[in-house]
Protein chains: 2
Amino acid sequence: MKVNMMHGAGGEVMGELLQTLTKFTHNNAGGIGLEALDDGAVIPFAGENLVFTTDSHVVRPIFFPGGDIGRISVCGTVNDLAMMGGRPIALSCGMIIEEGFETANLERIVASMDEALGEAGASIVTGDTKVVERGALDGIAINTAGIGIAKRIVRDNGLVPGDVIIVSGTLGDHGLAIMAHREGFDLGEQIHSDVAPLSKMMEKVMEAGTIHAMKDPTRGGFASAINEMAKKAGVCVRIREDQVPIRKSVKSAAAMLGIDPLEVANEGKVVMGVPAMDADAILAALRSHKYGKDATVIGTVTTGAHVIMETAIGGERFIEPPMGDPVPRVC
Amino acid sequence: MKVNMMHGAGGEVMGELLQTLTKFTHNNAGGIGLEALDDGAVIPFAGENLVFTTDSHVVRPIFFPGGDIGRISVCGTVNDLAMMGGRPIALSCGMIIEEGFETANLERIVASMDEALGEAGASIVTGDTKVVERGALDGIAINTAGIGIAKRIVRDNGLVPGDVIIVSGTLGDHGLAIMAHREGFDLGEQIHSDVAPLSKMMEKVMEAGTIHAMKDPTRGGFASAINEMAKKAGVCVRIREDQVPIRKSVKSAAAMLGIDPLEVANEGKVVMGVPAMDADAILAALRSHKYGKDATVIGTVTTGAHVIMETAIGGERFIEPPMGDPVPRVC
Ligand SMILES: Nc1ncnc2c1ncn2[C@@H]1O[C@H](COP(=O)(O)OP(=O)(O)OP(=O)(O)O)[C@@H](O)[C@H]1O
Ligand SMILES: Nc1ncnc2c1ncn2[C@@H]1O[C@H](COP(=O)(O)OP(=O)(O)OP(=O)(O)O)[C@@H](O)[C@H]1O
Ligand SMILES: [Mg+2]
Ligand SMILES: [Mg+2]
Ligand SMILES: [Mg+2]
Ligand SMILES: [Mg+2]
Ligand SMILES: [Mg+2]
Ligand SMILES: [Mg+2]
């Protein structure tokens, strides 16, 4: 068998490849390990919880509306730490660069990473650089790994019936920003990526109330994240279509491209399930932060299985787990 | 300016690029950070020392005599942790895969990583997978990052006059194994890479005596590592050529290729400076382990500067810091 693009697209097909790639007998350092397939691992250490995660980034183009590969490289890892309840402390940076790459672009990328680090309250403390010959890579790929500390660990499998589902803002911005930019769409209003570090916001949110489960809806988008959360918890999630925040420009671009905005990557959003009694306080905490100002309740958790969309006209349909993100090289 | 192959070759030229790539204002999490340019960072945490490091791997071919990209990906990070005095605990694995890559090869790579993890006493607890379209990468690149715990931190800058310099075994094996294999040399005896995880050996060695400074002589080889150690400490290192262990087959291949075996990467060796009174105990500890059986004293530290080779016939010459490793894609 050969690897295909869908194997890296964050959906069901990637899940199959991950069975091969996670076949380590040495897969756990004492806490939450690879077997959990959560946003990161947890390592109990000296009475505290270390969180550890990694993401590589191959997004194209490397500079896009609202962000660049540097910003996304920091945010990807910072957000996976935050999704585990972790406050990011230290990141590593592994760059693979094609011969001929402009050093001026490296400077821009490093400056952008540094800015995101400042926002996130983290540092890059170690790194590595490899250069490959012209043609062996199309430009640059950046991996970061990160260490965080979690007072309270939050898993992606903790939804319980009665929870309300909250998203921290509009969905689909990143994936459609990338696609509209690639296609050269002129939609009047340019779509910007939402790429942002959520750690500071999540610190406040975690103080405001209890979070039963959360996940960042990256590759495969909201549809992938919510299906994974529902499946892991063995619950049904009901989403109200008229409550799901999607920008008009994102809807238009998605319609023109024939893709579902709920299946494309976000890079500055969180999906969470919280007890109904904590929802108002958590919403308030989210909305008090610039990256959560459009936060809203979009659904509820019940017993059962599947993710169901209650449409505006009173119908119902499944939100299926996508085979993969329709946007290649989205992050 | 454009990036060239030497920018990734571990020598003086790479040092220049690193000035750009390490220009983070957020570069330290409280202990030893990016500014030290050591094998890894140290983060003081809960009264203990976390060590954190990363290496990406783009070695070609991906399967080579004595190892493969999976084994080297685990060993690279495990060894940088060990070089800081860290016992490896948890690793991350970020894979970037070209569309069309054989999943059977992924299986081999994962199995090889798992074996190396077992030897090192570490686990892969988190990962990431990206797939890029055919032609955007030649096969696969693997990043690992790792967390270790150090009872005693060892830096690469701690050499003091009077120290003796020890290497844990023969030099040049990895780089020449790769080159001889690429060139299809038939040297009678095949050269095997030395790629190996040194953590277990180093745990024993650190109990046997004091280590003032150490480093793994990877890209740029022994010449690069020892010059960096001498320069950082502001000392002179004198090496006795007749004591430097190099296999005959490695010497022959190096001569045929016109490259210096001291300038090519090793992947299972350590160079250290230790107080003279501890040298015997440390040598014994090294030699008691399979990866240190050829360990030997090769020189001494004096006041002054530079690394000087005392040749077998009584002459002297500098061991210059190499511009870069002569073997491209060596790790
Ligand atoms: N090559 C790999 N080796 C080991 N584990 C992996 C690998 N690739 C992914 N994983 C694991 O599989 C799970 C899913 O990974 P994935 O990258 O989709 O998560 P994510 O980082 O939350 O999403 P995204 O990368 O889209 O931001 C995680 O638990 C991750 O640790
Ligand atoms: N892209 C980067 N960003 C930040 N720091 C980097 C980057 N590349 C290298 N560094 C830092 O520069 C120093 C030298 O890196 P290098 O990779 O040569 O060390 P090494 O891992 O010991 O050697 P090798 O990679 O050959 O095994 C290290 O301190 C490393 O943290
Ligand atoms: Mg995630
Ligand atoms: Mg992620
Ligand atoms: Mg390195
Ligand atoms: Mg090193
Ligand atoms: Mg290294
Ligand atoms: Mg990931």
Side-chain angles (χ1 to χ4, degrees), chain A residues 1-5 7-8 17 20-21 23-29 33-34 40-41 43 46-48 52-56 58 89-90 92 94-97 99-103 106-107 110 114 117-118 122-133 136-138 141 143 145 147 328-329, chain B residues 1-5 7-8 17 20-21 23-29 33-34 40-41 43 46-48 52-56 58 89-90 92 94-97 99-103 106-107 110 114 117-118 122-133 136-138 141 143 145 147 328-329:
Chain A
M1 211 182 74
K2 289 182 195 296
V3 172
N4 65 57
M5 290 302 285
H7 281 124
L17 183 67
T20 299
L21 295 182
K23 224 182 229 164
F24 292 102
T25 59
H26 306 282
N27 67 352
N28 189 302
L34 214 50
I43 306 162
E48 310 252 6
F52 189 33
T53 195
T54 191
D55 264 334
S56 298
V58 295
I89 301 294
S92 64
M95 289 194 175
I96 307 176
I97 308 170
E99 181 187 9
F101 195 81
E102 286 290 346
T103 50
L106 289 177
E107 281 165 25
V110 167
D114 203 32
L117 289 167
S123 290
I124 292 211
V125 297
T126 188
D128 181 68
T129 306
K130 296 289 182 293
V131 178
V132 296
E133 65 278 19
L137 172 72
D138 62 341
N143 172 282
I147 301 176
R329 308 283 297 265
Chain B
M1 211 181 74
K2 288 182 195 297
V3 172
N4 65 58
M5 291 301 287
H7 280 125
L17 183 67
T20 298
L21 294 182
K23 224 181 228 164
F24 293 102
T25 59
H26 306 283
N27 67 352
N28 189 302
L34 214 50
I43 305 162
E48 311 253 5
F52 189 33
T53 196
T54 191
D55 264 335
S56 297
V58 294
I89 301 294
S92 64
M95 290 194 174
I96 307 176
I97 308 170
E99 181 187 10
F101 195 81
E102 286 289 346
T103 51
L106 289 177
E107 279 165 25
V110 167
D114 203 32
L117 289 166
S123 290
I124 292 213
V125 297
T126 189
D128 181 68
T129 306
K130 295 289 182 295
V131 178
V132 296
E133 65 279 18
L137 172 71
D138 62 340
N143 173 282
I147 300 176
R329 308 282 298 264

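First the proteins, then the strands, lettered A, B, ... as listed; each starts at 1.
- For L21(B), the parts sitting under 4.5 Å from any heavy atom of chain A are the backbone and the side chain alike.
- Of the listed residues (L106(B), N27(B), I97(B), T20(B)), the greatest number of heavy-atom pairs within a distance under 4.5 Å of chain A belongs to N27(B).
- Using a 4.5 Å cut-off between heavy atoms, N143(B) touches chain A through its side chain atoms alone.
- Residue with the most contacts toward chain A among N4(B), I43(B), N28(B): N28(B) (heavy-atom pairs, distance under 4.5 Å).
- In terms of non-hydrogen atom pairs under 4.5 Å with chain B, the most contact-rich of G40(A), A41(A), A90(A), S92(A) is S92(A).
- Between chain B and the options G33(A), A145(A), A136(A), heavy-atom pairs under 4.5 Å are most frequent for A136(A).
- In this structure, the portions of I124(B) lying under 4.5 Å from any heavy atom of chain A include both its backbone and its side chain.
- The nearest pair of heavy atoms linking H7(B) to V131(A) is C-CG2, 3.8 Å.
- For the set A141(A), S56(A), G47(A), the entry with the most heavy-atom pairs within less than 4.5 Å of chain B is S56(A).
- Rounding to the nearest 0.5 Å places CZ of F101(B) at 8.5 Å from CE of M95(B).
- Contact annotation for V58(B): only side-chain heavy atoms (C-beta onward) come within less than 4.5 Å of a heavy atom of chain A.
- With rounding to the nearest 0.5 Å, the separation of OG1 in T25(A) from CG in D114(B) is 3.5 Å.
- Contacts of I96(B) with chain A are made by side-chain atoms alone, with heavy-atom separations under 4.5 Å and no backbone atom involved.
- For the pair V132(A)/M5(B), no side-chain contact is recorded, criterion being any heavy-atom separation below 4.5 Å from C-beta on.
- Note on M1(B), E107(B), E99(B), H26(B): by heavy-atom pairs under 4.5 Å with chain A, the leading option is H26(B).
- Here E133(A) pairs with R329(B) in a salt bridge; the nearest charged N to carboxylate O distance falls below 4.0 Å.
- Interface summary for chain B: among G100(A), G94(A), A46(A), the most heavy-atom pairs under 4.5 angstrom belong to G100(A).
- Heavy-atom pairs under 4.5 Å with chain A peak, among P328(B), G118(B), A122(B), at G118(B).
- Ranked by heavy-atom pairs under 4.5 Å with chain A, the first of L137(B), I89(B), V110(B) is V110(B).
- T103(A) and L17(B) make their closest contact through CG2-CD1, 4.1 Å (heavy atoms, listed as atom of the first residue, atom of the second, distance).
- For L117(A), the parts lying near chain B are the backbone and the side chain together; criterion is any non-hydrogen pair under 4.5 Å.
- With a 4.5 Å cut-off on side-chain heavy atoms, L34(B) and V125(A) do not count as touching.
- Most heavy-atom pairs under 4.5 Å with chain A: of the set G8(B), G127(B), S123(B), this distinction falls to S123(B).
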